[in-house]
A.B. asks: 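There's a structure below that I have some questions on.
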Amino acid sequence: MGNMKTSHFDVVVVGAGHAGIEACLANAKLGLNTLMITTNLDRIGYMSCNPSIGGLAKGHMVREIDVLGGLMGLAADATCIQYKRLNSSRGPAVRGTRVQNDKKLYSDFATQALFEQPNLKVMQGEVKRLILDGNLCVGVVLADGSEVRCRATVITTGTFMNGVMHIGFKQSPGGRVGDQASIGLSDQLAKFGFTVQRLKTGTPPRLDKNSIDWSKTLPQYGDEKFYPFSFRSEKSFQLPQIACHLTRTTEKTHDIIRKNLDKSPMFCGIIEGVGPRYCPSIEDKVTRFADRDSHQTFLEPEGLNTDLIYLQGISTSLPEDVQIEFLRTIPGLENVKIVRPGYAVEYDFVEPTQIWHRLETRPIRQLFLAGQINGTSGYEEAAAQGLVAGINCGHSILNRPEFVLDRDKAYMGVLIDDLVTKGTKEPYRMFTSRAEHRLVLREDNTIDRLADISKSVFLMNSDNFSYLDSLRKRRHSLLSDLRDLKIYPTAEVQEVISGLGSTALLKSVSFEEFLRRPEVSFQSLTKLGFVSDLDPDVFESVEIEVKYSGYIRRQLELIAQTKRFEDLLLTSDIDYGSIKGLSVEEVQKLSRVLPRTLGQAQRISGVNPSAVQAIMVYLKSRKVRAEGMNELRENRV
């Protein structure tokens with residue numbers, strides 16, 4: 001597309017990262033005329049940092065995105081060059097899928113999906129400011145002065161808003177190497193009254209694979225069995241699988257880093273933004289964990305046809321000469337060549353308590369924010385927000401209800417509720433520990449949790465839904481068979497049970513009861529004559545449901561109890577200052593966050609249980625007053 005003086009679309013999405021991709025595709029699939037604007041058409045879906053998707057809790061979100069009709073799972077499966085199921089020997093709630101991806105092919109896959117999507121146009125350009133009609137966003141102005149008018153806008157600018165890159169004392173504007181910063185938007189938002197703050201992220205050096213002595217490193221292979229993120233993907237690898245390699249820093253590495261901390265912008269006060277606590281720089285690690293003489297690092301290929309190696313865990317913003325000096329003290333890297341040094345990026349983000357759960361901003365209507373602009377870290381967190389913002393953006397135009405996922409339904413719901421309710425002072429990253437209901441938020445039951453919800457957002461075709469329905473029916477049928485069919489303690493059965501390393505039966509039991517034994521696996525049941533569906537997509541979820549049924553039942557009871565609070569809606573017109581028993585701090589926080597429900601009010605930091613009780617008393621008295629007024633009106637009539 002060329003220069004447009006004034007053009008009109010239903011939706012404009014600013015940015016072509018993981019959030020922007022999902023937001024664009026959601027609106028276009030809803031039949032809305034959508035425009036994506038990006039500063040660089042060659043960097044669509046670009047993995048600025050680690051070329052991998054998933055991990056603990058993050059992998060859960062990728063599956064959730066997929067069942068709701070998003071792209072990330074399909075793209076990750078199609079470009080996987082190493083697959084791992086993390087924590088496979090531990091409980092099902094903390095298992096997670098992680099794949100290493102071919103960076104270029106991932107970007108190509110995403111680009112093709114966008115260009116082939118009906119109702120979607122992609123253009124290169126820079127958005128300088130929003131067009132506002134009072135507190136309503138009605139379009140954007142581009143750097144060339146042209147205007148794009150629209151009915152709703154989604155901003156997904158990543159680390160680009162007022163982005164500054166740091167390598168030692170050298171600074172340059174940009175959100176990543178090779179891409180310019182986005183200047184103007186965050187200043188306009190700040191002038192409008194938004195709280196705009198700074199965060200920091202970093203990336204490690206990229207190395208030339210031909211300069212590495214691989215004999216001094218330990219190869220790390222992926223799993224042979226592939227469980228794709230997407231139920232729509234092939235069940236086998238689509239690309240050759242490669243090894244990553246493990247090595248470690250040494251005491252000498254740490255000495256060099258310590259001696260040069262005065263050259264680190266992080267430690268000299270040049271960078272003011274707070275960095276990610278759970279993905280610290282090597283300078284942070286050496287300082288915070290001074291008692292450790294070594295830190296592991298993985299050498300991860302960026303693709304099948306590139307010489308670039310990503311050095312996981314060695315994020316740094318030290319000067320390039322210091323980087324080469326300390327890298328050459330790591331086994332295997334004695335003669336290493338740096339293709340691109342590590343660097344830190346400082347950027348603006350909008351304090352996320354200023355957005356609703358639907359990811360529309362509170363001060364400006366029809367303006368949605370998704371991704372790192374909301375203070376998050378990670379491709380998966382960005383994509384999850386992009387999908388939710390995209391759906392809600394479309395629903396606002398189509399007069400459909402807002403799309404909000406509860407905390408007991410999806411990790412995506414936990415992510416957004418945490419951001420909106422608690423805000424963040426550092427880049428927010430999803431962990432299984434953030435979800436109080438994680439035993440019911442497993443990877444294996446994503447379809448059971450979200451298939452019906454997915455039907456209400458209309459992003460997939462009927463064939464997809466038919467497949468999901470059939471999968472759920474097969475699971476239900478399998479569970480029914482396990483409950484209905486029995487094992488009898490015959491001599492032949494006892495011999496098989498003994499061979500399984502299990503104790504003899506004292507009476508007949510259902511296959512379900514027998515499967516609860518820790519030493520018994522689903523495959524064991526076939527030796528006892530149980531004829532079943534051996535598709536892992538069917539039996540794995542059922543086996544976990546059976547083995548953890550007691551824990552799951554207790555968690556469901558807790559969810560039912562908390563639902564009482566979640567179902568108590570709080571209207572936005574409540575004057576918290578008039579509620580007796582609330583402290584000044586509680587009034588301020590409740591007035592700022594404007595919780596949707598009593599459950600959300602309960603999760604606001606600094607709001608005590610006594611405050612929740614006071615709000616309940618207030619709601620009851622308001623209800624009584626309202627009923628009294630109605631009765632009075634009826635009597636007058």
Side-chain angles (χ1 to χ4, degrees), residues 15-22 24-25 36 38 40-55 58-86 96-117 122 158 176 178 203-204 206 209 220-245 298-312 371 378-384 386-387 443 446:
H18 304 279
I21 289 165
E22 300 295 355
C24 280
L25 290 173
M36 169 186 269
T38 174
N40 190 340
L41 289 174
D42 296 327
R43 295 291 184 98
I44 291 171
Y46 189 75
M47 294 173 157
S48 308
C49 204
N50 195 344
S52 74
I53 297 289
K58 290 168 172 275
H60 293 67
M61 285 196 294
V62 179
R63 289 184 190 279
E64 290 168 359
I65 289 165
D66 181 68
V67 173
L68 292 168
L71 183 79
M72 180 171 264
L74 280 168
D77 292 337
T79 61
C80 167
I81 54 176
Q82 189 188 83
Y83 169 86
K84 277 198 171 178
R85 186 180 255 190
L86 307 176
T97 301
R98 179 187 184 273
V99 300
Q100 191 76 17
N101 296 98
D102 185 301
K103 191 172 186 166
K104 183 177 185 309
L105 293 180
Y106 187 98
S107 176
D108 291 347
F109 187 98
T111 302
Q112 185 177 353
L114 293 173
F115 279 90
E116 289 179 354
Q117 176 62 46
V122 182
R176 64 176 167 233
T203 193
R206 305 307 197 271
K209 77 174 182 185
Q220 306 285 306
Y221 298 98
D223 299 347
E224 290 182 14
K225 178 69 180 158
F226 180 52
Y227 296 91
F229 280 120
S230 177
F231 72 90
R232 295 168 281 171
S233 290
E234 298 289 329
K235 296 289 191 280
S236 55
F237 294 117
Q238 296 174 51
L239 293 175
Q241 299 298 288
I242 51 92
C244 296
H245 289 75
F298 289 94
L299 300 162
E300 300 179 336
E302 292 211 337
L304 298 173
N305 300 304
T306 175
D307 289 340
L308 287 183
I309 299 294
Y310 177 93
L311 192 62
Q312 194 201 64
Y379 312 140
E380 304 82 2
E381 288 86 346
L387 183 62
E443 279 196 344
T446 313

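None of the values given here were measured: they were computed from a predicted structure.
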A.B. asks: Going from CD on E22 to CG on L68, what distance comes out if it is rounded to the nearest 0.5 angstrom?
C.D. replies: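 Here the rounded value is 10.0 Å.
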A.B. asks: Check M72 against A383 and note the closest heavy-atom contact, atom names and distance.
C.D. replies: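 Residues M72 and A383, closest heavy atoms: CE-CB, 3.6 Å.
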A.B. asks: How close do P301 and I309 get, heavy atom to heavy atom, and via which atoms?
C.D. replies: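 That closest heavy-atom pairing would be CA-CD1, 3.8 Å.
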A.B. asks: Is there a side-chain contact between V99 and S52 (heavy atoms, below 4.5 Å)?
C.D. replies: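 In short, these two side chains do not touch, never coming nearer than 4.5 Å.
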A.B. asks: Check M36 against A16 and note the closest heavy-atom contact, atom names and distance.
C.D. replies: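 The answer is SD-CB, 3.5 Å.
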A.B. asks: Return the minimal non-hydrogen interatomic distance between T203 and S48, and the atom names on each side.
C.D. replies: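 Answer, listing the atom of T203 first, then S48: OG1-O, 3.9 Å.
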A.B. asks: Got a sec, which pairs hit salt bridge (charged side-chain N to carboxylate O under 4.0 Å, His left out) with one end in residues 96-105, sequence neighbours left out?
C.D. replies: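 Checked against salt bridge (charged side-chain N to carboxylate O under 4.0 Å, His left out) - neighbours excluded - the pairs reaching residues 96-105 are R98-E300, K103-E302, K104-D108.
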A.B. asks: Please, which pairs that meet salt bridge (charged side-chain N to carboxylate O under 4.0 Å, His left out) have at least one residue in residues 69-84, sequence neighbours excluded?
C.D. replies: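 For residues 69-84: none.
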A.B. asks: Name all residues meeting the ring-ring contact (aromatic ring centres under 6.0 Å, His included) criterion together with Y310; count only those two or more places apart in sequence or in a different chain, and write none if there are none.
C.D. replies: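 With neighbours one apart ignored, the set is empty.
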A.B. asks: Between G45 and I21, which heavy-atom pair has the shortest distance, and what is it?
C.D. replies: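 Answer, listing the atom of G45 first, then I21: CA-CD1, 3.5 Å.
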A.B. asks: Roughly how far, to the nearest 0.5 Å, is SG of C244 from CD of Q312?
C.D. replies: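 If we round to the nearest 0.5 Å, Q312:CD and C244:SG are 8.5 Å apart.
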A.B. asks: Does R206 reach the main-chain N or O of P204 with its side chain, forming a donor-acceptor pair under 3.5 Å?
C.D. replies: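 Side chain of R206 to backbone of P204, a donor-acceptor pair under 3.5 Å: yes, one is there.
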A.B. asks: Using side-chain contact (heavy atoms from CB on, under 4.5 Å), reason through F109 and L74 one step at a time and then give a plain yes or no.
C.D. replies: CA-CA 9 Å; F109 187 98; L74 280 168; 4.2 Å; yes
A.B. asks: Are any side-chain N or O atoms of R232 and backbone N or O atoms of D66, one a donor and one an acceptor, separated by less than 3.5 Å?
C.D. replies: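 Such a contact is found between R232 side chain and D66 backbone.
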A.B. asks: Between T97 and R63, which heavy-atom pair has the shortest distance, and what is it?
C.D. replies: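 That closest heavy-atom pairing would be OG1-NH2, 3.0 Å.
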A.B. asks: Within a strict 4.5 Å, meaning less than it, do heavy atoms of the I44 and V122 side chains meet?
C.D. replies: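 Yes, at least one pair of side-chain atoms sits under 4.5 Å.
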A.B. asks: Ignoring hydrogens and geometry, is there a side-chain-to-backbone donor-acceptor pair from Y379 to C49 under 3.5 Å?
C.D. replies: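 The answer is yes, because a donor-acceptor pair under 3.5 Å joins these two groups.
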A.B. asks: Calculate, to the nearest 0.5 Å, the distance between atoms CD1 and CE belonging to I53 and M61 respectively.
C.D. replies: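 Answer rounded to 0.5 Å: 10.5 Å.
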A.B. asks: Checking Y227 now: which residues fulfil side-chain hydrogen bond (donor to acceptor under 3.5 Å, both in side chains) with it, not counting sequence neighbours?
C.D. replies: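 Expected list: E540.
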A.B. asks: To the nearest 0.5 Å, what is the distance between CD1 (I81) and CG (L105)?
C.D. replies: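 Reported value, rounded in 0.5 Å steps: 8.5 Å.
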A.B. asks: Can you sort out the partners of S107 under side-chain hydrogen bond (donor to acceptor under 3.5 Å, both in side chains), two or more places apart, ordered by chain and number?
C.D. replies: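 S107 satisfies side-chain hydrogen bond (donor to acceptor under 3.5 Å, both in side chains) with no residue once adjacent residues are dropped.
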A.B. asks: Between CG of N101 and OH of Y83, what distance do you get to the nearest 0.5 Å?
C.D. replies: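 OH of Y83 is found 13.0 Å from CG of N101.
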A.B. asks: Enumerate donor-acceptor pairs with a distance under 3.5 Å from any side-chain N or O in residues 235-243 to protein atoms, sequence neighbours excluded.
C.D. replies:
{"unit_1": "Q241", "atom_1": "OE1", "unit_2": "Q82", "atom_2": "N", "d": "3.4"}
{"unit_1": "Q241", "atom_1": "NE2", "unit_2": "C80", "atom_2": "O", "d": "3.1"}
{"unit_1": "Q241", "atom_1": "NE2", "unit_2": "L239", "atom_2": "O", "d": "3.0"}

A.B. asks: Could you check if a side-chain atom of L299 sits within less than 4.5 angstrom of a side-chain atom of L311, using non-hydrogen atoms only?
C.D. replies: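 Yes, close enough: below the 4.5 Å cut-off.
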A.B. asks: Atom CE of M47 and atom CG of N50: how far apart are they, to the nearest 0.5 Å?
C.D. replies: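 Here the interatomic distance stands at 8.5 Å.
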